[in-house]
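Let me begin by presenting the structure, written as structure tokens, before commenting on it.
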Amino acid sequence: MAGLNPIYLAHSTSYHNSFLIPQDSALDGAVKNSQDNGLPNIAVSPALGKFLNLVVKTIQGQRVLEVGTLGGYVLLAILSLYTHSSTVTGSYSTIWLARDHKLSPELFVEAIEQVARQNLEHAGVANKVTVIVGPAAETLATLRPEQPYDLVFIDADKASSLIYFNEGKRLLRKGGVIVSSL
């Protein structure tokens, strides 16, 4: 059996999303601001954002750890549809985000941090997010949260996914969920 035609898949996804996923000005603004500031167009799809939101709701999650934040889209997707007092933490990965970018790793991380903070502020959720900037593997190893996380979403460099998974498992509550964008 032949694979799916990418053009057909893109049209089908767009068509179905138009019925299933309502427009969200915060998410649309985050995508535009990220593009306007030169971030790569590699944010997760609206469908994945909605799926993660559904997972958080299903497990009655209050605490989310994202490994590999770019423009803050996933955090906004979870918070925009799940509005009670969640605490969401984003952790930036210098490893993957800087690998093929024309800017130096330090400048690129600074640029994505600024864009993500702008997006979170514009959406009115900056007070619900703790942004931690640093190499993901090293940063995760130092985290000692007062309460474990309910969901860990891994969307950083694929070569280090096992490290992120093991650290995420350490930081996760019993019955929590790890989702990876492998």
Side-chain angles (χ1 to χ4, degrees), residues 9-10 12-93 96-97 109 111-133 136 139-140 145 148-158 161 164-165 168 171-173 175-182:
L9 185 60
S12 175
T13 299
S14 177
Y15 175 78
H16 289 96
N17 285 350
S18 71
F19 292 103
L20 300 172
I21 301 174
Q23 289 298 115
D24 184 298
S25 61
L27 293 174
D28 294 343
V31 170
K32 182 177 182 336
N33 187 42
S34 296
Q35 290 171 346
D36 290 350
N37 282 283
L39 296 188
N41 188 19
I42 54 174
V44 302
S45 69
L48 180 55
K50 184 151 181 104
F51 169 74
L52 291 170
N53 177 274
L54 178 64
V55 170
V56 171
K57 284 181 181 178
T58 301
I59 64 172
Q60 299 178 348
Q62 295 288 312
R63 297 179 47 77
V64 176
L65 174 66
E66 179 186 9
V67 181
T69 305
L70 185 62
Y73 187 90
V74 168
L75 298 171
L76 290 174
I78 290 170
L79 286 171
S80 69
L81 301 172
Y82 191 68
T83 56
H84 70 71
S85 61
S86 298
T87 300
V88 181
T89 303
S91 177
Y92 292 82
S93 169
W96 175 64
L97 295 173
V109 169
I112 62 166
E113 177 188 3
Q114 179 180 2
V115 171
R117 287 185 191 275
Q118 289 170 355
N119 291 340
L120 296 168
E121 188 68 39
H122 179 263
V125 296
N127 64 328
K128 294 187 177 191
V129 178
T130 302
V131 177
I132 304 167
V133 180
T139 303
L140 287 169
Y149 291 98
D150 302 302
L151 173 81
V152 175
F153 176 59
I154 301 169
D155 189 24
D157 67 298
K158 305 314 178 215
S161 289
Y164 304 149
F165 176 84
L171 298 166
L172 196 66
R173 73 168 165 88
V177 176
I178 296 177
V179 178
S180 179
S181 67
L182 294 177

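All values derive from a computational prediction rather than experimental measurement. Side-chain atoms are counted along with the backbone in the values below, which use heavy atoms only and exclude waters and symmetry mates.
- The shortest distance between side-chain heavy atoms of D155 and Y73 does not fall below 4.5 Å.
- The shortest non-hydrogen separation linking S18 to Y15 is OG-O, 2.5 Å.
- Closest non-hydrogen pair, L76 versus A26, comes out as CD1-O, 4.1 Å.
- With rounding to the nearest 0.5 angstrom, the OG atom of S25 is 14.0 Å from the NZ atom of K32.
- Heavy atoms from other residues, nucleotides or ligands lying under 6.0 Å from CD of Q35 number more than 12.
- Qualifying side chain to side chain contact (heavy atoms under 4.5 Å, CB included) partners for V177, counting only residues two or more places apart in sequence or in other chains: V55, I59, L151, V179.
- Of all non-hydrogen atoms in S181 and K158, the two that sit nearest each other are OG-NZ, 3.2 Å.
- The two residues R63 and P148 come nearest to each other via the heavy atoms NE-O, 3.5 Å.
- Panel note: side chain D150, backbone V64; no donor-acceptor pair is recorded below 3.5 Å.
- Rounding to the nearest 0.5 Å gives a distance of 13.0 Å between CZ of F165 and CG of L140.
- Each of L171, L172, I178 was compared with L65 under the side-chain contact (heavy atoms from CB on, under 4.5 Å) criterion, and only L171 meets it.
- Under the side-chain hydrogen bond (donor to acceptor under 3.5 Å, both in side chains) criterion, N33 pairs with N37, Q118, N119, not counting sequence neighbours.
- Among all heavy-atom pairs drawn from S34 and G71, the shortest one is OG-CA, 3.8 Å.
- The closest side-chain heavy-atom distance from N53 to K57 is below 4.5 Å.
- Here R117 pairs with E113 in a salt bridge; the nearest charged N to carboxylate O distance falls below 4.0 Å.
- Across every non-hydrogen atom of G68 and A156, the tightest pair is CA-CB, 3.9 Å.
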